[in-house]
Amino acid sequence: MLHHEGLLEYDADSKTWDWNLSKIDDATMSTANVVVMLQNRLAALPQQVQSLLQCAAYLGSSFSESTIDLVWSTFGRRLVESRIERTSALFKVIVEEEIMEICGDNQFKWVHDKLQEAALSLTGTHRESFQLDIGRTLYYGLDKQQVEDELFTIVDLINNGNELKLAEFAVANLRAAEQARDLASFQSASSYIAHGISLLGDDKWSTDRFVTLKLYPMGAEM
């Protein structure tokens, strides 16, 4: 990062690194300054790379290639005026710039959480509706196993953006609660249960009887 910002320079003649400690101290004196430095670094990247990073920032600390591929193919056209480039070409730049790295088969992760935070800032005001759109696309667009693998990220996106309290996602919260319970993450399970119940209407015992009969007893167990 210091090298990218011109605070650390390599002298090829003497084969040594050169730096100014006072400038480094001024530039990195707080966490906020680090984020600003990273924002400036990301803002210098090609526009489509920035737009892809905006989408990726909502997907958590790591995600699969198929997940970001689906999000980019669906929403990339919203964010750029020209024809969108392939995900693989854009990620080649992102990996070379050491913003993300490949981990495992077809998986990417942020090199540092502050880079993810800086990428989120590229979106300006965090749009709740955009989070719902991404979550809904993943929930209905990925296959069953992929949804299970990314379930917490998907349901969190839906919950963060579901301002209209769409009852269709009560089942998604039930699935997340069951998965969290199985992992002994009882606080998270309780949160998903409460959110799922909040999405059900007054006539839930007749219109959504199955999910209601699942959520309430599980909530009592927590």
Side-chain angles (χ1 to χ4, degrees), residues 53-75 100 103-110 112-117 119-121 123 125-222:
L53 288 172
Q54 291 178 35
C55 295
Y58 287 110
L59 301 180
S61 59
S62 64
F63 47 84
S64 67
E65 184 177 5
S66 58
T67 298
I68 187 60
D69 219 18
L70 176 58
V71 172
W72 180 243
S73 63
T74 305
F75 300 106
M100 292 188 195
C103 58
D105 294 334
N106 301 315
Q107 293 279 329
F108 294 97
K109 71 175 182 179
W110 297 91
H112 195 282
D113 59 353
K114 292 300 178 186
L115 281 163
Q116 183 185 1
E117 184 179 335
L120 273 174
S121 72
T123 66
T125 302
H126 296 183
R127 291 176 48 201
E128 285 77 10
S129 61
F130 190 36
Q131 293 188 64
L132 174 60
D133 290 342
I134 293 175
R136 193 203 306 255
T137 297
L138 296 176
Y139 189 67
Y140 291 118
L142 296 175
D143 64 38
K144 184 176 180 180
Q145 186 56 54
Q146 289 173 318
V147 171
E148 290 302 310
D149 292 342
E150 307 278 357
L151 188 60
F152 295 140
T153 296
I154 293 171
V155 176
D156 288 345
L157 283 167
I158 290 170
N159 289 346
N160 290 339
N162 191 10
E163 295 182 321
L164 298 179
K165 300 294 182 183
L166 301 175
E168 66 184 281
F169 296 116
V171 174
N173 277 275
L174 170 61
R175 291 171 65 182
E178 290 173 335
Q179 191 175 116
R181 179 197 59 192
D182 293 343
L183 294 171
S185 182
F186 301 117
Q187 185 173 352
S188 294
S190 296
S191 177
Y192 288 123
I193 291 167
H195 206 100
I197 290 174
S198 74
L199 300 179
L200 299 173
D202 294 336
D203 56 350
K204 52 184 169 290
W205 291 104
S206 57
T207 59
D208 296 293
R209 185 173 180 80
F210 171 79
V211 66
T212 301
L213 286 171
K214 287 279 190 176
L215 285 169
Y216 275 90
M218 193 187 304
E221 292 174 6
M222 296 296 112

**Request:** First locate atom CD1 of Ile154, then atom CG of Leu138, and finally report the distance between them rounded to the nearest 0.5 Å.
**Result:** 5.0 Å
**Prompt:** Given the rule in the side-chain contact (heavy atoms from CB on, under 4.5 Å) test, do Leu183 and Phe152 qualify, once you have shown the distances and angles that lead to the verdict?
**Reply:** CA-CA 12 Å; Leu183 294 171; Phe152 295 140; 3.9 Å; yes
**Item:** Aromatic ring pairing Phe63/Phe108, orientation class (parallel under 30°, perpendicular over 60°, tilted between)
**Value:** tilted
**Request:** Test side-chain contact (heavy atoms from CB on, under 4.5 Å) on Thr137 and Val71 and set out the steps.
**Result:** CA-CA 7 Å; Thr137 297; Val71 172; 5.6 Å; no
**Asked** Between Trp110 and Gly60, is there a donor-acceptor pair closer than 3.5 Å when you use the side chain of the first and the backbone of the second?
**Response** yes
**Request:** Report the C-alpha separation of Arg181 and Tyr192 in whole Å, then their side-chain angles, then the decisive distance to 0.1 Å, and conclude whether the side-chain contact (heavy atoms from CB on, under 4.5 Å) test is met.
**Result:** CA-CA 10 Å; Arg181 179 197 59 192; Tyr192 288 123; over 6 Å; no
**Message:** Measuring from atom CD1 of Ile134 to atom CD1 of Ile68, what distance do you get when rounded to the nearest 0.5 angstrom?
**Reply:** 8.0 Å
**Asked** Taking everything shown except Asp105 itself, do over 12 heavy atoms lie less than 6.0 Å from its CG?
**Response** no
**Request:** Please report the shortest heavy-atom distance between Gly196 and Ala170, naming the atom on each side.
**Result:** O-CB, 3.7 Å
**Request:** Taking atom types as modelled, find out whether Glu163 and Ser129 have a side-chain donor-acceptor pair closer than 3.5 angstrom.
**Result:** no
**Item:** More than 12 heavy atoms of other groups within 6.0 Å of Asp113 CG
**Value:** yes
**Asked** Are Phe130 and Asn160 close enough, and set up right, to give a side-chain contact (heavy atoms from CB on, under 4.5 Å), and what steps lead you there?
**Response** CA-CA 10 Å; Phe130 190 36; Asn160 290 339; over 6 Å; no
**Message:** How long is the straight-line distance from OG1 of Thr207 back to CG of Leu200, given to the nearest 0.5 Å?
**Reply:** 7.5 Å
**Any side-chain donor near an acceptor of the partner, Thr67 and Ser64, under 3.5 Å** = yes
**4.5 Å side-chain heavy-atom contact, Met100 and Leu53** = yes
**Item:** Shortest non-hydrogen contact between Cys55 and Trp72, atoms and distance
**Value:** SG-CE3, 4.2 Å
**Prompt:** Does some side-chain heavy atom of Asp143 sit less than 4.5 Å from a side-chain heavy atom of Val147?
**Reply:** no
**Asked** What pair of heavy atoms forms the shortest contact from Ala177 to Ile193, and how long is it?
**Response** CB-CG1, 3.6 Å
**Prompt:** Where is the tightest heavy-atom contact between Thr212 and Pro217, given as atom of each residue plus distance?
**Reply:** O-CD, 4.0 Å
**Item:** Shortest non-hydrogen contact from Ser66 toward Leu142
**Value:** O-CD2, 4.4 Å
**Atom pair CG/CD1 of Asn173 and Ile158 - distance to nearest 0.5 Å** = 8.0 Å
**Request:** Would you check if Leu132 and Phe169 make a side-chain contact, meaning some heavy-atom pair closer than 4.5 Å?
**Result:** yes
**Message:** Looking at His195, is its backbone amide N or carbonyl O close enough to the side chain of Ser198 to form a donor-acceptor pair, meaning the two atoms are under 3.5 Å apart?
**Reply:** yes
**Prompt:** How far apart are the C-alpha atoms of Glu178 and Arg175, what are their side-chain angles, what is the distance that settles it, and do they pass the salt bridge (Lys or Arg N to Asp or Glu O under 4.0 Å) test?
**Reply:** CA-CA 5 Å; Glu178 290 173 335; Arg175 291 171 65 182; over 6 Å; no
**Prompt:** How about Lys204: does its NZ atom have over 12 heavy atoms from other parts shown lying under 6.0 Å from it?
**Reply:** yes
**Message:** With rounding to the nearest 0.5 angstrom, report the CG to CG distance, Leu215 to Leu174.
**Reply:** 5.0 Å
**Message:** For Ser206, is there any backbone N or O sitting under 3.5 Å from a side-chain donor or acceptor partner on Asp203?
**Reply:** no
**Asked** Quick one: do the Glu148 and Gln179 side chains pair a donor with an acceptor below 3.5 Å?
**Response** yes
**Message:** Could you check whether atom CZ of Phe210 has more than 12 heavy atoms from other residues, nucleotides or ligands sitting under 6.0 Å from it?
**Reply:** no
**Message:** So, taking the atom named NZ in Lys109 and the one named SG in Cys103, what distance separates them when rounded to the nearest 0.5 Å?
**Reply:** 5.5 Å
**Asked** Do Asp133 and Tyr58 have a side chain donor and acceptor closer than 3.5 Å?
**Response** no
**Request:** Evaluate the side chain to side chain donor-acceptor pair (under 3.5 Å) criterion for residues Glu168 and Tyr140: first the C-alpha distance (whole Å), next the side-chain angles of each, then the deciding distance (0.1 Å), finally the verdict.
**Result:** CA-CA 12 Å; Glu168 66 184 281; Tyr140 291 118; 2.7 Å; yes
